[in-house]
Structures are given as structure tokens and as C-alpha cells.
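To start, the structure under review is shown below, and the notes come after it.
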Amino acid sequence: MQTILDYMTGAYNRRYFFEVARAIFSKALRKHTKLAVVMMDIDDFKSVNDTYGHDAGDLAIIEVKKILEKNLRRYDLFARFGGEEFCVVLDDISKEDVEKLFEKIRKDFENNIITYNNMKIRYTVSFGIAYGMADSLEKLIKVADEALYKSKKNGKNRVTLYEV
């Protein structure tokens with residue numbers, strides 16, 4: 001089990017993510033359905049580490065898994081991609097529903113408070129969503145990454161969706 005899980009968060013790791021996500025992608029391609037691929041990361045994560053310490057930064061990353069787990073369906077796939085970055089793949093979801101879902105998740109982060117050494121820590125998360133279908137999973141991830149970059153560029157703490 002350890003070979004598929006991220007040691008710190010217990011979320012799936014990047015390698016396992018690609019194994020499963022490729023199967024989800026292939027199925028969607030065969031059935032001519034759309035996918036949502038979401039890239040997300042913690043806004044100004046360096047300042048969380050610099051202000052509160054690396055242990056608090058680790059707690060913030062662990063909290064990402066908890067909030068995603070609380071909001072996503074059991075069969076949705078998400079993994080820690082590295083650092084404070086996570087990736088999610090959802091099938092069988094409309095564009096409107098994926099936007100609503102990640103706006104709710106964004107607000108959950110905005111309203112969430114972590115307590116560490118009697119300090120209250122708040123942070124936000126930005127999201128980039130690729131919705132539709134492409135010729136490869138990697139292309140969808142690249143588009144989601146571009147949407148994430150736009151969320152960051154436009155002020156952070158936001159959801160940006162690009163249709164593919």
C-alpha cells in the first residue's frame with residue numbers, strides 16, 4: 001500500500017495517479033464523454049512555511065487531503081503531485097457541477113482554520129480546471145496547469161476553468 005500513497009498525506013502519489021487516471025481517460029475516450037482535470041495548489045505556501053514553520057506547512061498540505069476527501073465522490077481520483085500541488089480527475093460530471101464543486105471547495109479552504117502551537121493559520125487555494133477531452137491525459141493536465149497559472153496571475157484564491 002505504501003507504494004501508491006504519499007507518505008505525508010496518505011493521498012495517492014503521482015505514480016499511482018497516472019496509472020489510474022490513464023484508465024479513466026481511456027474509458028472516457030471510448031465512450032466519448034468529458035473529463036474534468038483539476039490542478040490545485042496552496043496560495044503563497046512559502047509564506048506559510050516562513051511564518052509558521054515547516055511543520056505547520058506540512059499540516060496545511062495534510063489538510064488539503066482532508067478537505068478534498070470530504071467534498072469529492074468516493075470514486076473521484078486525486079493525488080499529491082508534489083510539494084503543495086494536487087491533481088484531481090473527475091468523470092461523469094457536468095461543467096456546471098464541476099465549477100460549483102470547486103467553488104465550494106475553494107470556500108471551504110478560505111474559511112478553514114488550522115491550529116498549530118496555539119497559532120491560527122488560514123490559507124487559500126487556487127484551482128485550474130480543464131474540462132472536456134483531448135488527445136492525451138497529459139494534454140488535459142497541461143491545460144489545467146495553464147488555468148491554475150491564470151488563477152494565480154489574477155489574484156489567487158480562485159477557480160479558473162478552460163474548456164478543451
Side-chain angles (χ1 to χ4, degrees), residues 1-29 34-50 54-91 93 98-99 101-106 108-110 112 114 121 123-154 156-164:
M1 200 59 167
Q2 292 169 335
T3 59
I4 66 169
L5 298 179
D6 171 63
Y7 71 97
M8 186 172 66
T9 63
Y12 290 122
N13 63 30
R14 188 181 182 120
R15 191 180 93 214
Y16 181 78
F17 173 86
F18 275 101
E19 284 177 29
V20 176
R22 282 194 178 103
I24 294 168
F25 177 84
S26 293
K27 180 181 169 194
L29 200 57
K34 296 179 179 184
L35 292 177
V37 174
V38 184
M39 292 299 295
M40 59 176 287
D41 80 19
I42 298 172
D43 295 327
D44 303 313
F45 184 68
K46 184 181 179 330
S47 74
V48 172
N49 274 337
D50 291 350
H54 290 278
D55 289 343
D58 289 351
L59 283 177
I61 291 169
I62 292 166
E63 196 72 10
V64 171
K65 183 212 183 225
K66 291 178 184 175
I67 290 175
L68 287 176
E69 225 166 32
K70 184 181 86 176
N71 284 284
L72 296 175
R73 303 167 297 190
R74 271 181 327 154
Y75 58 86
D76 292 331
L77 176 66
F78 71 92
R80 182 175 178 206
F81 254 41
E84 71 280 9
E85 191 173 56
F86 286 74
C87 188
V88 185
V89 173
L90 303 100
D91 62 351
I93 191 164
V98 79
E99 283 179 306
L101 173 63
F102 281 92
E103 184 56 31
K104 179 195 180 303
I105 293 171
R106 186 198 63 73
D108 282 359
F109 278 106
E110 190 176 61
N112 191 45
I114 300 172
I121 303 169
Y123 63 92
T124 59
V125 175
S126 292
F127 300 89
I129 303 171
Y131 185 79
M133 186 42 82
D135 55 4
S136 71
L137 174 64
E138 289 75 12
K139 172 69 173 163
L140 287 172
I141 291 170
K142 185 178 187 297
V143 171
D145 221 24
E146 290 166 3
L148 173 61
Y149 177 77
K150 185 164 186 184
S151 287
K152 297 284 191 178
K153 188 177 171 212
N154 288 343
K156 304 177 184 141
N157 189 27
R158 61 185 66 233
V159 177
T160 302
L161 183 143
Y162 286 166
E163 283 193 74
V164 183

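Bear in mind the structure is a predicted one, so any value in this text is a computation, not a measurement. Residue numbers count from 1 along this sequence.
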Tell me whether K65 at atom NZ has more than 12 heavy atoms from other residues, nucleotides or ligands lying less than 6.0 Å away.
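For K65, atom NZ is crowded (more than 12 foreign heavy atoms under 6.0 Å).
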Tell me which pairs pass salt bridge (charged side-chain N to carboxylate O under 4.0 Å, His left out) where either residue lies in residues 79-91, with sequence neighbours left out.
D6-R80
Does the [X] side chain pair with the main chain of [Y], one donor and one acceptor, at a distance under 3.5 Å?
X	Y	result
Y123	A60	yes
S151	T160	yes
S126	N157	yes

Taking salt bridge (charged side-chain N to carboxylate O under 4.0 Å, His left out) as the definition, give me every residue that meets it alongside [X], ordered by chain and number, with sequence neighbours left out.
X	value
K139	none
R106	E103, E110
D41	K152
K156	D44

With [X], which residues qualify under ring-ring contact (aromatic ring centres under 6.0 Å, His included), at least two apart?
X	value
F17	F81
Y16	Y12
Y131	none

Any [X] side-chain heavy atom under 4.5 Å of [Y] side chain:
X	Y	value
L72	L90	yes
M40	L68	yes
D58	M8	yes
L35	M133	yes
E138	R22	yes
V64	I42	yes

Just verifying a value: how many Å separate [X] [atom1] and [Y] [atom2], rounded to the nearest 0.5 Å?
X	Y	atom1	atom2	result
I121	I114	CD1	CD1	6.0 Å
N49	I61	CG	CD1	7.0 Å
L59	T9	CG	OG1	12.5 Å
I141	L148	CD1	CG	12.5 Å

Pick out which of T124, D43, I67 makes a side-chain contact (heavy atoms from CB on, under 4.5 Å) with F109.
I67
Do you know which two heavy atoms are closest between [X] and [Y], and how far apart they sit?
X	Y	value
A21	L77	N-CD2, 3.6 Å
G10	L5	O-CD2, 3.4 Å
V48	G57	CG1-CA, 4.1 Å
F127	V38	CD2-CG1, 4.0 Å
C87	V37	SG-CG1, 4.0 Å
I93	A36	CG2-CB, 4.3 Å

With sequence neighbours excluded, tell me which residues meet side chain to side chain donor-acceptor pair (under 3.5 Å) with [X].
X	result
N71	K104, D108
K70	none
R73	Y75, D76
E63	N112

Is E146 salt-bridged to K150, cutoff N-O under 4.0 Å?
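No salt bridge links E146 with K150.
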Determine, stepwise, if the pair F102 / V88 fulfils side-chain contact (heavy atoms from CB on, under 4.5 Å).
CA-CA 11 Å; F102 281 92; V88 185; 4.2 Å; yes
